Amino acid sequence: MANNEQNDQKQINNELIPTLEQINRLMSLQGVDSGIFTLAVFSTIEAYFREKLEDSVDNNTKFYELLDCYRDRYSSYNPKENKLFRDILNNQKNTNKVRHLFKNLSVEEANSAVFLLLQFATMFNLPNIVKINQLALNLKIWDYKKSPAETAKELEKANQELKKLTKSNADMAQKVEELEEKKKELEHISAKLKAVQFDYDEQLKNNKKNKERIDELRREKSRVEYENHKTQKELQEQIAKLSDAENYIDNLSRMTTYTRTRYDYEQSLLQLTRQQKSIVDKVKFSKDFLVKGSAGTGKSLVLLKTFEKLIIQNKQSLFDKEKSIKLITYTHSLEKYNKYIADLMNIENPLEEEIIGTSESYVNKILRNAFPDNDFVYALPRVPGSEKNNPLGREIWTELEKFILPKCISQKEYCEEKIKRTGMKTAQNAGKRKKIWETVEWIFSEWDKLESQPISYLTYKLVQKIENGEYTIPENLKTDFLFVDEAQDLTAGTLRLIRASVRESMILAGDNDQSVFQPGFTWSRAGIDISGNSKILNINFRSTNQINEVAEKYRATIKGFDKENLPEAFRLGPPVELHENPDHETSYAQMVSTVKMCINSLNYEPENICLIATQKRHLERLQELLKKELELDSAIVNEEDFDFAKPGIVRLATTQSCKGLDFPVVLFYLDHRAHFLDVYDESTADKMNRNMIYTAITRSIEMLHVFMLEKCSDGPIGDLKKILKG
């Protein structure tokens, strides 16, 4: 009762920590010395911990122990609180150099500390929250999407230091691992020495009158201390030799904790950038609309926000009657990701059971209605004899699979208009085209006799039937408004069929420089008119400056890249690192070591890390090693039971399945070009390889490491290597 009265009196006198005086002192330090100010912010949080924990802690209790004790007593252990405590601990560690070596920190890091104080004060109802909000006014500079210059000089120094260290040390993750082990051994020795002293003091108390026993104890203590001091000295010498690793992890921690905190700030606003919002506002739903932009510019977010806008309008009865609305995308992994983000945004539409799905599911419902007696297959059934008497021979299947069917090429276009066969290896004159088409029609007639027909052929047939007026999609399979994410990876035939199912308009998001499935993609071929009705996003709010710079240099190597897309980034981060190894197993081991470093030294959660590779076999081997070496579970993002909301699991993805996704940390294993592109001409295969590499390196939000074989030096892989070597 007395304690409650004391607390009430403290509250009246504004003496509860943080007090008005403490906040005023912080405000007087703000902008004067960033290092001292940041240290003062965390000292204020520490003082609050000590007041709340009272007699359960003492002057020797360390910050991380205070934090753990406070969390045990006052936290509900929800994900937001867990993340906040982790971020506070990470940022507080960066003040050690200020405390011990009187080093400075940047204004950006000082702003990170203020943001964490504000989050903590809001979440745990600290006193003087209004005054803390005033302290946080400087955070408004983060609202402007510009690169920090004067405010980040110290971070730039850290970044340059990281570049030097990574160039001179190829195995830094392994060195950091060794350093952490040596530090643990040193801590163990220090604890052992304290225990020896404590035991000696206790023994002295119990043997005050036994001189011989005291002498024996003293000798034993000296012997044990000598041995431990000797080991201690050896460990200190070994740690000193690992100063590069110490320097590396200190600077890397500074860069990653800053960029994580700023990214969290941007996400916490729950609002679009000015440019993104202007695009959402421009969509009136009366015509088809395209949102264009390079990787990381927020096309999917703008699409989802526009989706949300239409759902709200629908609920408010702004239309004549309630409308059906759906969103589809090319891959299952992106479908799950969009559902996950939509759930975070609390988007719902009671009219639609499957409001977000895949294009495959959407199209297959229409095909089943049009062809109820057919089973569907994905591979093209080979017809004996079709390879004879046509100029393409066996390549007739490539012509069908990669050109005629996906682009919905008619006989007139192929034979009379001589449509350009974009991406195909061999040019064909008029005479040869006629013979090829005769074979194509014969194959079609043979397929028509089959019960199981390829989906690409059924789509081709149905588009022609619809456009010739021979088939009408039933009303129950139509949609009033359809949103399509990563639209550039759908075939022209698929898009033409989808467009015929939409009563009013389609809202699309796409980027030709990320097209990894459809060479020579054009909107006009897909039957979609977005002339004068498209907008370009040009601010990369996903990735750091360092990742964006590498990505843009690489994108410039893609023949015919979209020069209208010129994204700028604004958040600093660590440099992109290149690791060259003699073989696969060495690369795998290095990737696993880097995962360990990210989790143990940089405090990333496993689900924040994604390993991307060109082939599934690499992912399966990495999955084995993560379990064996680190006891970590992992999952491939396009597997049926994968769940983005499930924590504690490292993500794995191929270069095809990572499209549209993003992760704080990406470790990308690039060992060779994609073999399935051999069916295209050299120029097209090269472009699509580069598109896939560009897509993979732009998945990262904060940290990107690229792993390659030493012998890879030519073509798309070699160009990335040159860029990373600077």
Side-chain angles (χ1 to χ4, degrees), residues 83 173 252 256 259-260 263 267 295-296 300 329 331-341 486 514 516 540 542-544 546-548 550-551 573-574 576-579 587-600 602-627 629-630 632-639 641-671 692-708 720:
K83 186 177 187 314
L252 188 58
T256 54
T259 196
R260 266 189 278 184
Y263 187 73
Q267 298 302 299
S300 295
T329 190
T331 62
H332 283 288
S333 52
L334 189 51
E335 174 202 10
K336 290 178 182 178
Y337 189 68
N338 279 331
K339 283 180 177 177
Y340 172 64
I341 298 298
E486 300 292 347
Q514 292 183 73
V516 300
N540 182 345
R542 174 196 294 156
S543 302
T544 62
Q546 286 66 27
I547 295 167
N548 184 66
V550 168
V576 179
E577 293 192 31
L578 171 66
H579 307 269
S587 296
Y588 300 149
Q590 203 171 52
M591 290 178 81
V592 171
S593 289
T594 307
V595 170
K596 185 176 183 181
M597 178 186 75
C598 288
I599 293 172
N600 292 348
L602 299 174
N603 295 310
Y604 279 103
E605 296 298 318
E607 65 269 18
N608 292 157
I609 303 168
C610 182
L611 278 54
I612 300 176
T614 51
Q615 291 182 305
K616 192 176 179 182
R617 66 184 178 91
H618 296 314
L619 300 180
E620 290 169 344
R621 178 63 178 140
L622 286 164
Q623 201 164 25
E624 289 175 16
L625 291 171
L626 287 168
K627 192 67 178 175
E629 303 294 331
L630 306 182
L632 274 175
D633 290 327
S634 56
I636 299 174
V637 297
N638 60 345
E639 287 181 342
D641 59 349
F642 179 79
D643 182 2
F644 276 100
K646 191 172 182 181
I649 295 180
V650 176
R651 277 68 161 118
L652 307 172
T654 61
T655 44
Q656 291 100 311
S657 63
C658 71
K659 282 183 63 62
L661 312 180
D662 55 38
F663 309 92
V665 177
V666 167
L667 311 182
F668 177 30
Y669 186 39
L670 179 59
D671 66 322
M692 275 193 282
I693 293 170
Y694 170 72
T695 300
I697 63 177
T698 52
R699 299 308 94 200
S700 176
I701 297 170
E702 299 159 15
M703 194 159 75
L704 172 63
H705 286 233
V706 180
F707 301 79
M708 293 185 188
L720 180 60

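Worth saying up front: this structure is predicted, and the values here are computed from it rather than measured.
Minimum heavy-atom separation, Ala696 to Val666: O-CG1, 4.3 Å. When every heavy atom of Phe707 is checked against every heavy atom of Ser587, the shortest pair comes out as CD2-O, 4.4 Å. Val576 and Gln546 make their closest contact through CG2-O, 3.8 Å (heavy atoms, listed as atom of the first residue, atom of the second, distance). The shortest non-hydrogen separation linking Ile697 to Ala551 is CD1-CA, 3.9 Å. For the residue pair Lys336 and Val637, the shortest heavy atom distance occurs at NZ-O, 4.4 Å. When every heavy atom of Tyr694 is checked against every heavy atom of Thr698, the shortest pair comes out as O-OG1, 2.8 Å.
Side-chain atoms of Pro647 and Glu605, non-hydrogen and from C-beta on, never get closer than 4.5 Å to each other. The side-chain heavy atoms of Val550 and Leu720, taken from C-beta on, include a pair separated by under 4.5 Å. Counting heavy atoms from C-beta on, the side chains of Leu611 and Leu626 come closer than 4.5 Å. The shortest distance between side-chain heavy atoms of Met703 and Leu252 falls below 4.5 Å. Contact of the Pro664 side chain with the Ile701 side chain is registered, since non-hydrogen atoms from C-beta on lie closer than 4.5 Å. The shortest distance between side-chain heavy atoms of Leu625 and Met591 does not fall below 4.5 Å. Using a 4.5 Å heavy-atom threshold, the side chains of Thr614 and Leu670 count as touching. Side-chain contact between Gln615 and Asp671 is present, with at least one heavy-atom pair separated by less than 4.5 Å.
At least one cation-pi condition fails for Arg699 and Phe668: the charged atom is not both under 6.0 angstrom from the six-membered ring centre and inside a 45 degree cone around its axis.
For Glu607, the side chain to side chain donor-acceptor pair (under 3.5 Å) criterion is met by no residue, not counting sequence neighbours.
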Evaluate Leu622 against Leu667 for side-chain contact (heavy atoms from CB on, under 4.5 Å), listing each step before the verdict. CA-CA 11 Å; Leu622 286 164; Leu667 311 182; over 6 Å; no
Quick one, Leu632 with Ile599, criterion side-chain contact (heavy atoms from CB on, under 4.5 Å). Give me CA distance, side-chain angles, the key distance, then yes/no. CA-CA 11 Å; Leu632 274 175; Ile599 293 172; 3.4 Å; yes
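Relative ring orientation between His705 and His579 is described as parallel, the plane-to-plane angle staying below 30° on a 0-90° scale split at 30° and 60°.
Taking the charged nitrogens against the carboxylate oxygens, Glu624 and Arg621 do have a contact shorter than 4.0 Å, which makes a salt bridge.
For Lys659 (side chain) and Glu486 (main-chain N/O), no donor-acceptor pair under 3.5 Å exists by modelled atom type.
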